[in-house]
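First comes the structure, then the notes that go with it.
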Amino acid sequence: MKIDRRFLAATFLFALLVSLCAVGRAQVSENMTPLLLAVQDAPVPFVGSDGQIHLVYELGMTNFSSGEIAVEKVEVVGDGSVVQTLDTAAVAGRLQPAGLREAAGTLAKSTHGLLFLNLALAPGSKVPSELSHRLALRVKAAPPGHQELSESGGATTVDKRSVALIGPPLRGERYIAADSCCDATRHQRAALPVNGRVWLAQRYAVDWEQMDTSGRIYAGPREKLESYAIFGQPALAVANALVVSVIDGQPEQTPGSYPTNITLDAADGNSVILDLGGKRYALYAHLQPGSIKVHRGEKVHLGQVMGLVGDTGNSLVPHLHFQVMDGPSSLSSNGLPYEISDFEMTGKSHGTKAFDQAESDGTPLPVTPISPPQAVKRALPLDQTIISFPGH
Ligand SMILES: [Zn+2]
């Protein structure tokens, strides 16, 4: 340990000298960058139901040093100008060490983490073409007096491909877009190492739930599937598309608790994947057994019923998990944003904690209403918005 530190301290000092004297390397400035930065998946801008343009992505960080690194500030630079600043507290809420579900503002020695970013730009803003990052760090492995470091890195282009424009996945009123974009953690931060790389297939996933007319997610016994407002709602094709995967035959779970010992293969429960074209795929998960009326290779049309909302696979209560991704796999694919052509926003719940409470005890979900309801064209319903879709 002691040797390590001395070695590192000496290396730092050497690097400092090199950068000061530029011995023999006139034009190259060489600085130690103990935190290595990289963006794997370039953000794809889309419009959220708040009207803002969102760029959602992950800044990978590897602590290549023998001591802890505290990330004290992050500036996101778009085409040369600072477009977002995260202070110490903001970083602490968004930086997650690899494999952990808890955020922290520091990275232990020799560890990797992801900083989950949501850059929101005012409606009509010019979207930058390139992003980079400036970080203020405290590096424990550096010699005393040199522990405050600044670094730049993680340059990425912005992926300005067109966003999938889709129809509604459900019909009717009082739906809750739970764990939706952009700062909820269950989907957006579900970074999974599969087949040799880290994927965020669920980056823009929504768990659709529904309230009854009294604002309850369920009424009656908690363990009964039929108690839930959304149970049995038809899940609809969001476009004219090709069915590329159907899984059926998995039993319903008992609402109120997660199943134990479920395999990765069974996590989606009964599910359908549609090929929307343009390397975009839509997943519907947790459908009722025997309810799926489409088969692999079938062409479906916008609005066609795929199956009924159930509680199969790795599911706590009946809900529709819906996501769009760049491959026909629910795990080893990159989650893509999409915009729904037409819906109404009628309110916003008081947040994930309130939602979890209402889902757990069956009390009405506290909602701040939007009155009159706001008609929205072409947007991704953001986390905890209350949505009405056309039709009944
Ligand atoms: Zn989900």
Side-chain angles (χ1 to χ4, degrees), residues 41-59 76 78 83-84 86 90 93-94 115-128 131 156 158-170 174-190 200-209 238-239 276 280 282-283 320-326 334-352 354-355 367-370 372-390:
D41 303 316
V44 180
F46 66 93
V47 176
S49 55
D50 58 358
Q52 295 193 299
I53 303 162
H54 293 262
L55 283 75
V56 173
Y57 65 104
E58 305 82 36
L59 176 60
V76 181
V83 284
Q84 190 181 44
L86 280 74
R94 291 176 176 275
L115 181 71
F116 291 88
L117 290 162
N118 168 23
L119 174 61
L121 305 170
S125 299
K126 187 175 177 297
V127 177
L131 297 174
T156 178
V158 172
D159 183 345
K160 294 189 180 174
R161 75 174 85 181
S162 64
V163 173
L165 177 63
I166 63 171
L170 293 156
R174 298 181 304 276
Y175 287 103
I176 311 152
D179 292 310
S180 181
C181 202
C182 301
D183 298 318
T185 60
R186 290 174 193 139
H187 290 142
Q188 278 67 39
R189 300 189 185 181
L200 269 135
Q202 302 183 30
R203 190 183 285 116
Y204 305 97
V206 178
D207 281 343
W208 288 105
E209 272 290 1
V238 293
L276 309 177
R280 295 179 294 221
L283 167 72
L320 175 66
H321 172 108
F322 178 83
Q323 68 186 42
V324 174
M325 62 236 173
D326 71 354
N334 187 30
L336 293 175
Y338 53 87
E339 292 166 358
I340 297 181
S341 54
D342 186 18
F343 59 91
E344 271 189 354
M345 259 196 319
T346 62
K348 196 156 176 24
S349 101
H350 291 186
T352 299
F355 171 81
V367 169
T368 304
I370 297 171
Q374 186 187 338
V376 181
K377 303 273 181 206
R378 293 202 68 144
L380 191 150
L382 298 182
D383 190 36
Q384 295 295 332
T385 47
I386 312 299
I387 302 288
S388 288
F389 290 119

Show your working on side chain to side chain contact (heavy atoms under 4.5 Å, CB included) between I340 and F389 and close with a plain yes or no.
-> CA-CA 10 Å; I340 297 181; F389 290 119; 4.2 Å; yes
Closest contact, heavy atoms only, [X] versus [Y]:
X	Y	value
A122	I53	O-CD1, 4.0 Å
I387	P381	CD1-CB, 4.0 Å
V238	A282	CG2-CB, 4.3 Å
P337	V44	CG-O, 3.5 Å
V56	P43	O-CB, 3.7 Å
P45	D159	CD-O, 3.2 Å

Residues in ring pair (Phe, Tyr, Trp, His ring centres under 6.0 Å) contact with Y57, at least two apart in sequence or another chain | H133
Say you draw a straight line from [atom1] of [X] to [atom2] of [Y]; how long is it, rounded to the nearest 0.5 Å?
X	Y	atom1	atom2	value
Q52	C182	CD	SG	9.5 Å
L121	L119	CG	CG	4.5 Å
K348	T385	NZ	OG1	6.5 Å
N118	H54	CG	NE2	6.0 Å
L320	D207	CG	CG	8.5 Å
F322	S180	CZ	OG	11.0 Å

Partners meeting salt bridge (Lys or Arg N to Asp or Glu O under 4.0 Å) with [X] (sequence neighbours left out):
X	value
D179	R186
K377	D342
R94	D183

Name all residues meeting the side chain to side chain donor-acceptor pair (under 3.5 Å) criterion together with [X]; count only those two or more places apart in sequence or in a different chain, and write none if there are none.
X	result
Y204	none
D41	R197, R203
T368	H350
Q188	none

Applying side chain to side chain contact (heavy atoms under 4.5 Å, CB included), run through L131 and L55 and close with a yes or a no.
-> CA-CA 10 Å; L131 297 174; L55 283 75; 4.1 Å; yes
Partners meeting side chain to side chain contact (heavy atoms under 4.5 Å, CB included) with [X] (sequence neighbours left out):
X	result
S388	E173, E344, T346
P369	none
A205	H187, Q202, H321, Q323
A239	L276

Side-chain donor or acceptor of S349 paired with backbone N/O of G351 under 3.5 Å | yes
E339 side chain to F46 backbone, donor-acceptor under 3.5 Å = no
Sub-4.5 Å side-chain heavy-atom contact between R280 and D326 | no
Y175 versus V206: any side-chain heavy-atom pair under 4.5 Å?
-> no
